[in-house]
Amino acid sequence: MIPLWADILIALMVVLGALCALIGAIGLVRLDDFLKRLHAPTKASTLGVGCVLIASIFYFTFLSRGVSVHELLITLLVFLTAPVSAHLLIRAALKDSMRNDRNLPPPPPPPNLLPPG
Amino acid sequence: MSLELLVALGVGVLTACGVYLLLRSRLFDVVLGLMFISYAVNLFIFFMGRLATGRAPIIQNGVPATLTSYADPLPQALVLTAIVISFGMTAVLLAIAVRGYAENGHDHVDEDGDRS
Amino acid sequence: MNASLLLWMLLLPFAGAVLLLLVDNNHRRRSAWIAGLITIAGCVLLAVLAAAVFDGGMVRFRVDWLPSLGVAFGLRLDGLAFLFALLILGIGALVVLYGAYYLADDDPPARFYAFLMLFMGSMLGVVLADNLIVLVVFWELTGLSSFLLIGFWRHREDARQGARMALTVTGFGGLALLAGVLLIGRVVGSFDLDAVFAARAQLQNSPLFMPILLLVLLGAFTKSAQFPFHFWLPSAMAAPTPVSAYLHSATMVKAGVFLLARLYPALGDNDAWFWIVSTAGLATLLFGAVVAIFQHDLKGLLAYSTISHLGLITLLFGLDTPLAVVAGVFHIINHAVFKASLFMAAGIIEHETGSRDMRQLNGLWQTMPITATLAMVACAAMAGVPLANGFLSKEMFFGEALAVDTHRLLTFATPIAATLAGIAGVAYSLRFIHDVFFNGEPVGLTKIPREPPRFMRVPVEILVVVCLAVGIFPAVTIAPLLAVAAQAALNLPGVEKLPVYSLAIWHGFNFSLLMSLIALAGGVLLYIALQKKINLHTITRLPGDAKLLFDVFIDNLVVVAGWITRITQTGSLQRYLLLILIAAIVAGVAGVWLAPSPAGSTAATTAPANMIAVAMALIGMAASIGAVVMYRQRLTALILLGATGLVVAMTFVYFSAPDLALTQLLVEVVTIIMMMLCLKFLPAQSAPQKNSFRHWRDAVVAVIAGLGVTWVVYQVLTRPFNSISPYFLRTAVGEGGGANAVNVIIVDFRGLDTLGEIAVLGMAGLIVAALLRNMPMQNTKLGAPDDAKVPGNAHRSLLLQIVAALLLPLAVMISIYFYLRGHNLPGGGFIAGLVFAIVWILQYVAIGRFNVESRVNADYATWIGWGLLVAGLTGVGSFVAGFPFLTSTFKYFTLPVIGAVPIASAMFFDLGVYLCVIGATMLVLSRLARVNDPAGQRQPERTP
Amino acid sequence: MMAWLLKHLPVLPIVLPLLGAALALLAGEKRLATQRVIAAASVMSLAVAAVLAIMLTASGQMSVYLAGNWQAPFGIVLAIDKLTALMLALTAGIGAVVLIAGQAKPATTDGGQNRIDGGTFFYPLFLLQLCGLNGAFLTADLFNLFVFFEVLLAASYGMLLQNADRARTNAATHYVVINLFGSALFLIAVALLYGVTGTLNMSDLSQKINATSGSSRGLVMAAGFILLLVFSIKAALLPLNFWLTGTYGRALAPVSALFALMTKVGVVAIARMLTLLFPEGSAINGHMSNVLLIVAPLTMLIAACGALAAREVKVLIGWTVMASAGLMITAIAIGSPMALSGALFYMLGSTIATALLFLNAAAMDAPGAVLTTGAASKNNAWPVIGALFFVGAAAAAGLPPFSGFIGKTIVLVGATQHAWMTWVFYTVLMAGLLTIIAFARMGSRLFWKRDAVVAPVYLLPASILAAALLALTLLAAPIQRFTDQAAIEMKRPQIMTGNVLGKLPLQPDKKAGAAK
Amino acid sequence: MIANLAVPLSHLGIWTKYAVLFALILFGAALLLAAWRLFRGPDTADRILALDTLYVNAMALTILLGIVFASNVYFEVALLIALLGFVGTVVMAKYLERGDIVE
Amino acid sequence: MKRMFPQPLISAMLLLVWLALNNTLHPAHLLLGALLAVAIPWWTSRFTGEIKAPRIRQPLTIVILGLIVLFDIVKSNIAVARLILGPASHINPAFIWVPLEITEPHAKAVLAGIITMTPGTVSADFSDDGKYLLVHALNVEDADGMIAEIKSRYELPLKEIFE
Ligand code: NA
Ligand code: NA
């Protein structure tokens, strides 16, 4: 039987995770250009996943009376990959925007290439 | 609305989408259509074993080995086979699409489709 | 003894044909000798067997052929068969001799004689057959071999056409005959002639009698060129003359009347037979005789004459009296003899003058007196002049024509028509003589006419002698033969007597003699009148040429056939698919509709849909409909496809199918990667389809299909279920050695499915690899790179490289994890293999194809080979223990510290799956990746 | 050894070519000679297995095999009855001939290959094609039938695309798309049958289908009709025949020859449907037979029209393949033992004849094979090719002395007691006549109108086939006895059902680790 | 009805039980919103981002369902969703950027 | 040694991953995991190419950095949630170039990752010469302050760890 504190903790994490996911999704819908939108899900959702994973760790640890840690693997994977996704998406969006005359703000050139002064 | 009707509608929509795309004139679109049809067919096979929620057919000690405790494993095995086969055949068709485009200069499904 | 001789007699010509085909074509003499010896050997055999036949007996051979059909390969040599065999072999021998001189240097003699032997054998088969099916077999063979013979001068258009026409018409008749024979078989229960004869009453009382009669007569009439099926015969004159002499006197065309004679005992002697056969005969008799007069081609004249005489014989069989049958048989013999000699004479004339046109041929009496004499005697026989054999049978015919008294109309019509035909017959015979041998000087001949080589004339001489011998001394020469033949034709048992007939030349002055005289005198007058009134040479074309009608018919048939073909073969894949779809919808609806009680009550066990299920369903439907709406933007469609696939995977999750969810996710991503690899090559946008009717039509079909599937799924889901599946759940752990029932089914219960499945996957890899080799690249968009493809390394993402390199060992670990535990928990070789392949292809994406393939052995086809081998050998391994293929076994090995380690044969099988999946997937992906670089020669790029 | 062979006989025709394919793949593309040896060994062992199967079944036995040692209906069962044995023999025979033909010099200009079998992965695909065909003939499980259909189809895609060029790629486009959609329908039908009856073994299905009632009957019938549709596509029945001529006409000749077997898979599947899955007496059987009795004779007629209108010889042969399928299915729909027997007899002859014609067609218009005049007149194969065409055409058109005539006759005799006799007679004979005309026109145009000097290509395999055609006539008595018995066996599905469902797995300590 | 999962939830604590049902509704809403962006675009990059979000949320949902069904077997599904969502996004982004994914 | 353990860090990670995957510390799995952890890098290491395996100097700093990042994630998530749910006009996004001192590729990668994971910023790209990191920030009020914070809060510990 799951102790009450764990029950509450799990419940909290579950709701928190879902809220994060929802906020990320709202951002995805509400924000008005791609670069802004990108911020919302890449992390809100990631955090949401983290919360649910914590809930899962606790839940299965108590359910099976053994430590459940494989959820950490997913966390590892998410943290490993999410930055790359975002990074590649920005590159793609900028290139696509350039190609199709869309309205994303182009990034400035790197400072070392700026004319001196 | 019952769950049964919902999933039946889902399979139907997938079928309709697949069929519509299947009837397009470009091979790539036809491949897309076949993908949708294959989704529909896989779900169709799957649902022939009826709906079971939270009862994965992983045998556990002390649980009676009946279809009320576990989902029907057989359609699942059939779907696996079907998925793999349609995966392989999609690859073949895509390669044909590429080759056909290289040979014909267009990707119409008929040899002189772009002429008519 | 006799029986096997009979078989040999039949087989000899076929053996000869084979022998001849092996002979070099350049040796005319050798070919002729082989053919001649074969034919003479046949004659000898026939002579040996003659005794038995003339004793009133019958020689038979019988061996089982199609037992359950009641078809024995039966031969019989009765009187009728003997007569025909004699004609076939005797005249055959003369034709062989004649042909040796007739053939030109550039005619391949071996082929000619081989075809001739083939035909001779087939003809013998027809007359010797003791079983109707066997008869039909040889009947069709005569058609085939005559096709070859008529078309022997294949460079000539008229020969080709004549051959085709003969084959078509007689083939048609042959099929009709087959149908008739099969119906006889149905009524009688046997195809044996004896049984058929015995079942005469049963046959004639059967409701099927009329169809049987019509079908059989169709066969006979087409073969014997009865009006209106006569037109193939004149066209067949394009054949070399020895062929004409053989086919159109003694053999091919006689097959039809032989059939009449053969089946007369079973089908004859009734009103239907009388009316149909005699009418056809009468019409043919008159028609052929009249048309013959107006021919300019010597062989054309003989051809129409043949038609006319065949009509005569047919009419005799149609008159339906025993005496008429005797007369018919008699005329068969006589016609064969004089017509063969006439054809040969015509051939000699052609051979020596280079022409057959009577408008050119004149006055040959001067240069070819011997030939002329022979031809004149034969013509006399044809015209029915006394002292020639033709006179005797014609007399008998006139007598029988007068004896028709059963039917009021024919009582008068028959003798009149017979006389008219006689007049015409005399006229064309006279024309043959007068127009060729007299009538002035030759016109425009290419050769100077002279007598033929000595031995070329011998066959004609022999035949003419026979004509005269029979004509003058019938009782001595022909009587016994005619007796046995007629007896057989009437199927009279030995004791029963033939009707009384006399073979004398002089019967006293009677009506038939009067008719003969009228015919002779009338014919002479007619010919003179025609030459005086309308110079026969000026007639260019006869009206109503049936040959032209036939051509038009065949041409139209081809046009109609082409039209039908184009309707079913539009060449449009979209139409084909639409057709299949409609057929499928119809099939489904029909099934439900035809069932005794469609759409009945269902024992619904429904659960309400909840929020998350509805949301998922909405997303899936929206994504798929979105893909349809935006399908022309291919990348967008792919993204939406990806979303749909995710929903499908989630459906599997929700409804307790983790293995399926895993597989679905993996397959979908790999598929999308494949499609993207193609998209670099194909247009990024689909060309618009402007036809809005099509869109609507397709949409309607799609909606109907969707509704149908929805209905079926709902029907099934809401009814109770009994399945074999509990067995798998019960035995998975105990006997299958795994807790994951799905995996146990895949590698054990239905391991054979999986074996086939990986074979398919492996082949897919091989096919893709094969197809993307040696591609023509000039048509593709890669020919003109767009601005998106900037060369250089700047595009490489450092981040991606590092993460991909890190993910690789991680995912390989996960892959092995999936592989090892698949038997007990979700996973297995397929899933493991795809995980492996995906991170591998990720390396391609991260560091480029060259960098990957230069670092590892990328011979993926070998992986497939190993996979199939390992899986197959695992299955075979159970043979060792004496168990069937793929029988699984598992053992726990107890190791120190580690404890019990399970080793299951299923794991080896799954290893095969694993290897095959990796090999196939990587092969597909890597080959699609190198499409723009088919040779794989791109230079390495430095990584930043 | 013999006992061992007989014990595992049903699985050998599947496993041997599969392992052969794996080994050929491992031998590597460069080692063509090794691949040839492997393929020859596989095909030879297949022939041995086929002969054993014929002998075994001729002695009145049926061989049932529980793959994985699982009892029916739970596991997959393979069964050799007489029909299967016949098909195994036909497959092995055609396979052997294709093997010989595959080693020929190319009959096409393209590819720059030295040999036909030097194409890409020729032997692995060829062997897997045989594996798929044999599997489809052997299996007694409906879903397993689907799998082997896919194996043989996948292999056929690969074979069609050997030495791919524009024409073959375009033919493959249609062929593959249509077959993929057909496979989807197949799956739907099988799944629906499972959803209603809960089983997949054909014998078990047959029993459970009989037991269905009420509205379930409608679902079963819908599934049955869709299944029939799928098999009709494979058998190229009207109006689903459009894929055939393009595909068969464009493949490499040995491949086309192999494809002569492909429609037969559809035919055999339909035969199994009408005799095992929905045997005589069930309502659905009557409906299906009626539909087929309309469609199949029409197929014959239309195919004969197509043959008449064909301008290319390969297209003509494609149409005759279709016509022959029409005849066989007509016979199956008639359903009398005699008609079934005739259909089987006819199948042997027509398959061999069409294979012969395909090889021959390639030999005659082989531009790469045309010799320069003068030097080669001694070696000119043209007359032989003409003779072989004549033999093949006569056989395909159902003219004696070749077996097509016998088969057709047996079918017609089998039809004499049937209510639709007139219609069947009319269509069969009309189609036969049109085919004769078509072949006569084509043959006289090809061989009489022109003379060519060509090198001998495919003469050996084609001659073997011609000899086989003649042998079918001469040995008609024993062969027909066999097909008769096969037909009787088919008409008594309870024999198959009893054998399949009654076969018990090997018991003693079957599972070594069962006690855990 | 909207939260009737047709499975027994007795294995969950009382807090968790309602939290889970609430969370499922939130996730459903999140998924629908992401799907809206997927549908709406406007740029291809937006759609890829939306798909990526769908994947991430589906992964969380899978873990949640694992809790609901009290079953460990969905963990690997979540693991693979994580991996494959990444691969899919990488591939699509690369295609969008370069017009080619393997160079 | 180098040939047997081409990537010792990876091997260690793999062993941990194996144990986590199986949720166990059973000796059988320890052994199997160790075997795989050695075997897999033996094959996979060949893909890494010119990017050399990193050498970790101060393992403790990793833990500290990890905690900092975790805290930052939670903290800034709340800020971003407010931005998302609040009125859109408050948002003032911008691209910022962050000059880099670290050169080790893994360190740069981790930095880019951390910047992305902490809400409000996404690392977009490296400059061609690898000396700058392009960051897109959702709401920039003080660009220089932001650069300084990134450098001190994340880059410095990374420099200690990797270089
Ligand atoms: Na004249
Ligand atoms: Na097994």
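Note that these values count all heavy atoms, side chains included, but never hydrogens, waters or copies made by symmetry. The chains referred to below are lettered A, B, ... by the order of the sequence lines, with proteins before strands, and numbering in each begins at 1.
In this structure, G738(C) and V744(C) approach most closely via the heavy-atom pair O-CG2, 3.5 Å. Residues G833(C) and V917(C) share a closest heavy-atom pair of C-CG1, 3.9 Å. Closest heavy-atom contact between D107(B) and P683(C): OD2-CD, 3.9 Å.
Only the side chain of A732(C) comes within contact range of chain B, judged by heavy atoms closer than 4.5 Å. Proximity to chain B is limited to the side chain of F728(C), based on heavy atoms less than 4.5 angstrom apart. For F830(C), the part sitting under 4.5 Å from any heavy atom of chain B is the side chain, from C-beta outward, and nothing else. Interface residue L581(C): only side-chain heavy atoms are found under 4.5 Å from chain B. Residue V924(C) touches chain B through its side chain alone, counting heavy-atom pairs closer than 4.5 Å. In this structure, the portion of I724(C) lying under 4.5 Å from any heavy atom of chain B is its side chain and not its backbone. L21(B) touches chain C through its side chain: at least one heavy atom from C-beta onward sits under 4.5 Å away, while N, CA, C and O do not. With a 4.5 angstrom heavy-atom cutoff, T81(B) touches chain C via backbone and side-chain atoms both. For I767(C), the part lying near chain B is the side chain, with the backbone staying farther off; criterion is any non-hydrogen pair under 4.5 Å.
Highest contact tally toward chain B, considering only R634(C), M621(C), M616(C), is held by R634(C) [criterion: heavy-atom pairs under 4.5 Å]. Of all the listed residues (V713(C), V709(C), D698(C)), the one sharing the greatest number of non-hydrogen pairs under 4.5 Å with chain B is D698(C). Options R750(C), R697(C), Q664(C) differ in how many heavy-atom pairs under 4.5 Å they form with chain B, and the most are formed by Q664(C). Heavy-atom pairs under 4.5 Å with chain C peak, among V92(B), N42(B), L14(B), at V92(B). Note on V19(B), L23(B), L6(B): by heavy-atom pairs under 4.5 Å with chain C, the leading option is L23(B). Of all the listed residues (V7(B), D72(B), L27(B)), the one sharing the greatest number of non-hydrogen pairs under 4.5 Å with chain C is D72(B). With chain C as partner, the option from I83(B), V84(B), V13(B), T15(B) having the largest number of non-hydrogen pairs under 4.5 angstrom is V84(B). Across A40(B), G49(B), P57(B), A71(B), the residue that shares the most heavy-atom pairs under 4.5 angstrom with chain C is P57(B). Taking A705(C), S686(C), S723(C), A617(C) one by one and counting their heavy-atom pairs under 4.5 Å with chain B, the maximum is reached by S686(C). Ranked by heavy-atom pairs shorter than 4.5 Å toward chain C, the options L78(B), L5(B), T90(B) are led by L5(B). No other option in I704(C), T644(C), T754(C), L618(C) has as many heavy-atom pairs under 4.5 Å with chain B as T644(C). Chosen from A764(C), A702(C), S656(C), the residue pairing most often with chain B at heavy-atom distances under 4.5 Å is S656(C).
A donor-acceptor contact shorter than 3.5 Å is absent between the side chain of T921(C) and the backbone of L834(C). Using a distance-only test at 3.5 Å, with no hydrogens or angles considered, a donor-acceptor pair links the side chain of H106(B) to the main chain of E111(B).
Aromatic rings from F28(B) and Y101(B) are positioned such that their centres are separated by 6.0 Å or more.
Shown here are the ring-ring contact (aromatic ring centres under 6.0 Å, His included) partners of F46(B), two or more places apart in sequence or in another chain: F652(C).
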Given side-chain contact (heavy atoms from CB on, under 4.5 Å), test E668(C) with F87(B) step by step and report yes or no.
CA-CA 8 Å; E668(C) 181 199 307; F87(B) 165 60; over 6 Å; no

V747(C) and V913(C): CA distance, side-chain angles, deciding distance, side-chain contact (heavy atoms from CB on, under 4.5 Å) verdict:
CA-CA 9 Å; V747(C) 298; V913(C) 176; 5.7 Å; no

For side-chain contact (heavy atoms from CB on, under 4.5 Å), just list the numbers for I831(C) and T663(C), CA-CA rounded to whole Å, side-chain angles, deciding distance to a tenth of an Å, and then say yes or no.
CA-CA 6 Å; I831(C) 290 165; T663(C) 311; 3.5 Å; yes

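At most 12 heavy atoms of other shown residues, nucleotides or ligands fall within 6.0 angstrom of atom CG in N722(C). In this structure, R575(C) places its CZ atom where only 12 or fewer heavy-atom neighbours from other residues, nucleotides or ligands lie under 6.0 Å away.
D29(B) and R632(C) are not joined by a salt bridge, as no carboxylate oxygen comes within less than 4.0 angstrom of a charged side-chain nitrogen.
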